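I have placed the structure first, in the form of structure tokens, so that the comments after it can refer back to it.
Computation of the quantities below employed the complete heavy-atom set of this structure, encompassing side-chain atoms and omitting hydrogens, waters and symmetry-equivalent molecules. Keep in mind that this is a model prediction, so the values were computed, not measured. Start at 1 with the first residue, then count along the sequence.
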Amino acid sequence: MPINFNSALGVHPQALMLREKRGEILAANLANADTPDYKARDLDFKSAFKQALSPNNSVTSESSSLKLTNNEHLAGQQTMLGATLMYRNPQQSSLDGNTVEGHIEQAKYAENSVQYEASLSFLKGNFSDLLTAIKGQ
């Protein structure tokens, strides 16, 4: 039975990549907490993960975006790794139009970091198992 990386590592490489991208989005939200009219964004991890696991999808490629040829054209939906970037609805609106709520962003960033570490630990375990199999122990 042949062993390849896809069967040996499972879904963890895709999950790790999505967690990394979500972490970047959440970090951008935190960095712009004081920027007027900044709208907090987030990635729907479940739909992005489903998209990443579909057999005819390549997670590594960014989706194509519409090319704007005129300043009056509206930009289409922004997607990242097959999932639509969504705006977060604030629980308490700000007077300057900023929708970043620091405590929520910090909690989501911490949650995402823990899940990133979990995926990394699973990958480390899978590589350890592969190394054991290669050594024949």
Through direct or indirect side-chain contacts below 4.5 angstrom among Ile, Leu, Val, Met, Phe, Trp and Tyr, which residues connect to Leu30? Leu26, Tyr109

To the nearest 0.5 Å, tell me how far Leu123 CG sits from Ser128 OG. 12.0 Å

Value for OG (Ser113) from NZ (Lys108), rounded to nearest 0.5 Å, stands at 13.0 Å

Answer yes or no for Arg22 and Phe45: cation-pi contact, defined as NZ/CZ to six-membered ring centre under 6.0 Å and angle to ring axis within 45°. no

Take Leu16 and Phe122 through the test side chain to side chain contact (heavy atoms under 4.5 Å, CB included) and record every step on the way to the result. CA-CA 10 Å; Leu16 199 64; Phe122 286 129; over 6 Å; no

CG (Asn89) and CD (Glu101) are apart, to the nearest 0.5 Å, by 10.0 Å

Quick one about Tyr38 and Asn29 (side-chain donor to acceptor, distance below 3.5 Å, no hydrogens or angles considered), yes or no? yes

Does Lys124 NZ have over 12 foreign heavy atoms under 6.0 Å away? no

dist Thr99:OG1 -> Gln92:CD (nearest 0.5 Å) comes out at 13.0 Å

Tyr87 side chain near Asp42 side chain, heavy-atom distance below 4.5 Å: no

Atom CG in Asn32, atom CG in Asp37: separation rounded to 0.5 Å? 11.5 Å

Taken in chain and number order and not counting sequence neighbours, the residues that satisfy salt bridge (charged side-chain N to carboxylate O under 4.0 Å, His left out) with Glu105 are Arg88

Inter-residue atom distance Ser119.OG - Met17.CE, 0.5 Å rounding: 12.0 Å

Asp44, CG: over 12 other non-hydrogen atoms inside 6.0 angstrom: yes

Please lay out, stage by stage, how Phe127 and Leu9 fare under the test side chain to side chain contact (heavy atoms under 4.5 Å, CB included). CA-CA 8 Å; Phe127 276 116; Leu9 301 179; 3.9 Å; yes

Determine yes or no for a side-chain-to-main-chain donor-acceptor pair under 3.5 angstrom, with Lys135 supplying the side chain and Leu130 the backbone. no

Minimum heavy-atom separation for Asn98 to Ala33, with atom names? ND2-O, 3.0 Å

